[in-house]
Student: 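A single structure is presented below for examination.
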Amino acid sequence: QVQLVESGGGLVQAGVSLRLSCAASGLTFRSYAMGWFRQAPGKEREFTAAISRRGSDIVYTDSVKGRFTISRDNAKNMVYLQMNSLKPEDTAVYYCAADYRPGDSYSAPTSGNSYNYWGQGTQVTVSS
């Protein structure tokens with residue numbers, strides 16, 4: 001059974017940092033591109049960041065470039081999202097997702113429709 005479990009969310013003030021973690025189990029982690037998505041209250045889920053199977057290719061949505069960093073540790077089956085200089089508009093539930101790509105080491109998909117598995121999400125609230 002595939003499980004993606006996010007952690008690290010919380011209530012913080014604007015300007016501080018948080019690090020989200022996603023622990024994956026029940027899958028061959030290195031065969032999956034990984035992504036982070038977020039959904040703010042009353043809004044559609046949106047792409048935030050993605051990383052290819054080997055970590056060589058990384059994509060960010062424009063609003064987080066220069067502030068957020070996605071990384072992965074294939075030995076630990078973990079993916080991370082380091083979030084710096086947080087803003088109130090970063091408030092959302094953050095979801096980790098896995099996209100099976102056995103023959104593709106370079107893609108970091110930005111469409112949620114590409115992803116096979118999703119975590120339950122972790123709430124990030126940034127106060128002004």
Side-chain angles (χ1 to χ4, degrees):
Q1 180 182 359
V2 175
Q3 281 194 311
L4 301 176
V5 180
E6 303 95 336
S7 61
L11 171 61
V12 297
Q13 288 192 325
V16 304
S17 300
L18 276 178
R19 186 196 197 201
L20 304 184
S21 299
C22 173
S25 60
L27 75 173
T28 305
F29 186 71
R30 64 182 180 274
S31 295
Y32 288 77
M34 299 298 294
W36 286 97
F37 292 75
R38 64 186 182 182
Q39 187 167 18
K43 295 189 176 181
E44 297 285 321
R45 183 183 64 196
E46 66 172 5
F47 168 76
T48 304
I51 187 168
S52 61
R53 288 173 49 193
R54 298 181 182 179
S56 58
D57 291 74
I58 289 174
V59 181
Y60 298 100
T61 192
D62 285 347
S63 62
V64 308
K65 285 180 181 177
R67 300 188 299 122
F68 289 13
T69 302
I70 187 172
S71 61
R72 65 187 293 161
D73 185 337
N74 284 355
K76 296 182 178 179
N77 287 10
M78 296 289 294
V79 62
Y80 306 98
L81 187 67
Q82 177 67 42
M83 305 186 296
N84 298 332
S85 302
L86 282 162
K87 303 176 181 180
E89 51 263 44
D90 295 318
T91 294
V93 178
Y94 283 73
Y95 297 93
C96 170
D99 179 8
Y100 186 53
R101 296 199 163 258
D104 177 2
S105 298
Y106 302 106
S107 292
T110 61
S111 170
N113 292 332
S114 182
Y115 288 80
N116 308 100
Y117 300 105
W118 293 82
Q120 296 287 338
T122 186
Q123 176 71 48
V124 173
T125 303
V126 185
S127 63
S128 57

Student: Apply side chain to side chain contact (heavy atoms under 4.5 Å, CB included) to residues Asp99 and Asn116 and explain how you reach the verdict.
Tutor: CA-CA 5 Å; Asp99 179 8; Asn116 308 100; 3.6 Å; yes
Student: Going from SG on Cys96 to CE on Met78, what distance comes out if it is rounded to the nearest 0.5 angstrom?
Tutor: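 Reported value, rounded in 0.5 Å steps: 9.0 Å.
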Student: In Å and rounded to the nearest 0.5 Å, what is the OG to CD distance from Ser63 to Glu89?
Tutor: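 Answer rounded to 0.5 Å: 8.5 Å.
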Student: Tell me whether the count of non-hydrogen atoms from other residues, nucleotides or ligands lying under 6.0 Å of CD in Glu46 goes above 12.
Tutor: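 More than 12 heavy atoms, drawn from other residues, nucleotides or ligands, come within 6.0 Å of this atom.
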Student: Quick check: closest heavy atoms across Trp118 and Gly112, and the distance to 0.1 Å?
Tutor: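 Shortest heavy-atom contact: CZ2-O, 3.5 Å.
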Student: Between Phe68 and Trp36, is the ring centroid distance below 6.0 Å?
Tutor: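 Ring centres of Trp36 and Phe68 not closer than 6.0 Å.
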Student: For the backbone of Gly55 and the side chain of Arg72, can you confirm whether one donor and one acceptor N or O come within less than 3.5 Å of each other?
Tutor: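 Side chain of Arg72 to backbone of Gly55: no pair is present.
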Student: Quick one: do Ile58 and Leu81 end up in the same hydrophobic cluster if we chain Ile, Leu, Val, Met, Phe, Trp and Tyr together by side-chain heavy atoms under 4.5 Å apart?
Tutor: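 Yes, one cluster joins them.
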Student: How are the rings of Tyr115 and Phe37 set to each other: parallel, tilted or perpendicular (split at 30° and 60°)?
Tutor: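 Plane angle over 60°, so perpendicular.
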Student: Any side-chain to backbone donor/acceptor pair from Ser85 onto Arg67? Under 3.5 Å, distance only.
Tutor: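 No: the side chain of Ser85 does not pair with the backbone of Arg67.
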Student: Could you tell me the separation between the CD atom of Gln3 and the CG atom of Asn77, rounded to the nearest 0.5 Å?
Tutor: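 The CG atom of Asn77 is 12.5 Å from CD of Gln3, to the nearest 0.5 Å.
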Student: Go through the steps to decide whether Tyr100 and Ser31 satisfy the test side chain to side chain contact (heavy atoms under 4.5 Å, CB included), and finish with yes or no.
Tutor: CA-CA 6 Å; Tyr100 186 53; Ser31 295; 3.8 Å; yes
Student: Which pair of non-hydrogen atoms, one from Asp57 and one from Ala108, has the smallest distance, and what is that distance?
Tutor: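 Shortest heavy-atom separation between Asp57 and Ala108 comes out as O-CB, 3.8 Å.
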Student: Quick check: closest heavy atoms across Leu86 and Ser17, and the distance to 0.1 Å?
Tutor: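 In terms of heavy atoms, the two residues are closest at CD1-C, 4.1 Å.
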Student: Can you name the closest pair of heavy atoms from Val93 and Gly121 and give their distance?
Tutor: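 Closest pair (atom of Val93, atom of Gly121, distance): CG1-CA, 3.8 Å.
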Student: Atom CD1 in Ile51, atom OG in Ser56: separation rounded to 0.5 Å?
Tutor: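 It comes to 8.5 Å.
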Student: Hydrophobic clusters here meaning ILVMFWY residues chained together by side-chain heavy-atom distances under 4.5 Å, can you tell me if Leu27 and Val5 are in one?
Tutor: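 In one cluster: no.
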Student: Please report the interatomic distance CE(Met34) to CG(Asn74), rounded to the nearest 0.5 Å.
Tutor: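 Between Met34 CE and Asn74 CG, I get 9.5 Å after rounding to 0.5 Å.
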Student: Please give me the minimum heavy-atom distance between Phe47 and Thr110, naming the atom from each residue.
Tutor: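 Answer, listing the atom of Phe47 first, then Thr110: CB-O, 3.3 Å.
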Student: Of Glu6, Gln123, Arg38, which meets side chain to side chain contact (heavy atoms under 4.5 Å, CB included) against Tyr94?
Tutor: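 Checked Glu6, Gln123, Arg38 against Tyr94; only one passes side chain to side chain contact (heavy atoms under 4.5 Å, CB included): Arg38.
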Student: Hydrophobic clustering (ILVMFWY, side-chain heavy atoms < 4.5 Å, transitive) - are Val64 and Tyr95 grouped together?
Tutor: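 Each belongs to a different hydrophobic cluster.
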Student: Looking at side-chain heavy atoms only, is the closest gap between Ser71 and Gln82 below 4.5 Å?
Tutor: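 No, too far: nothing below the 4.5 Å cut-off.
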Student: Do you know the tightest heavy-atom contact between Gly8 and Thr122?
Tutor: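 Shortest heavy-atom separation between Gly8 and Thr122 comes out as N-OG1, 4.3 Å.
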Student: Going through the distances and angles, do Arg101 and Ser114 end up as a side chain to side chain contact (heavy atoms under 4.5 Å, CB included)?
Tutor: CA-CA 10 Å; Arg101 296 199 163 258; Ser114 182; 3.2 Å; yes
Student: Please check: side-chain N/O of Ser107 versus main-chain N/O of Pro109, any donor-acceptor pairing under 3.5 Å?
Tutor: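 Absent.
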Student: Go through it in stages, so that I can follow the logic: the residues are Tyr80 and Asp73, the test is side chain to side chain contact (heavy atoms under 4.5 Å, CB included), and I'd like the CA-CA distance, side-chain angles, deciding distance and then a yes or no.
Tutor: CA-CA 8 Å; Tyr80 306 98; Asp73 185 337; 4.3 Å; yes
Student: Leu18 pairs by side chain to side chain contact (heavy atoms under 4.5 Å, CB included) with which of Val126, Asp90, Val124?
Tutor: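 For Leu18, the side chain to side chain contact (heavy atoms under 4.5 Å, CB included) test succeeds with only one of Val126, Asp90, Val124, which is Val124.
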Student: First locate atom OG1 of Thr28, then atom CZ of Arg53, and finally report the distance between them rounded to the nearest 0.5 Å.
Tutor: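 The OG1 atom of Thr28 sits 10.0 Å away from the CZ atom of Arg53.
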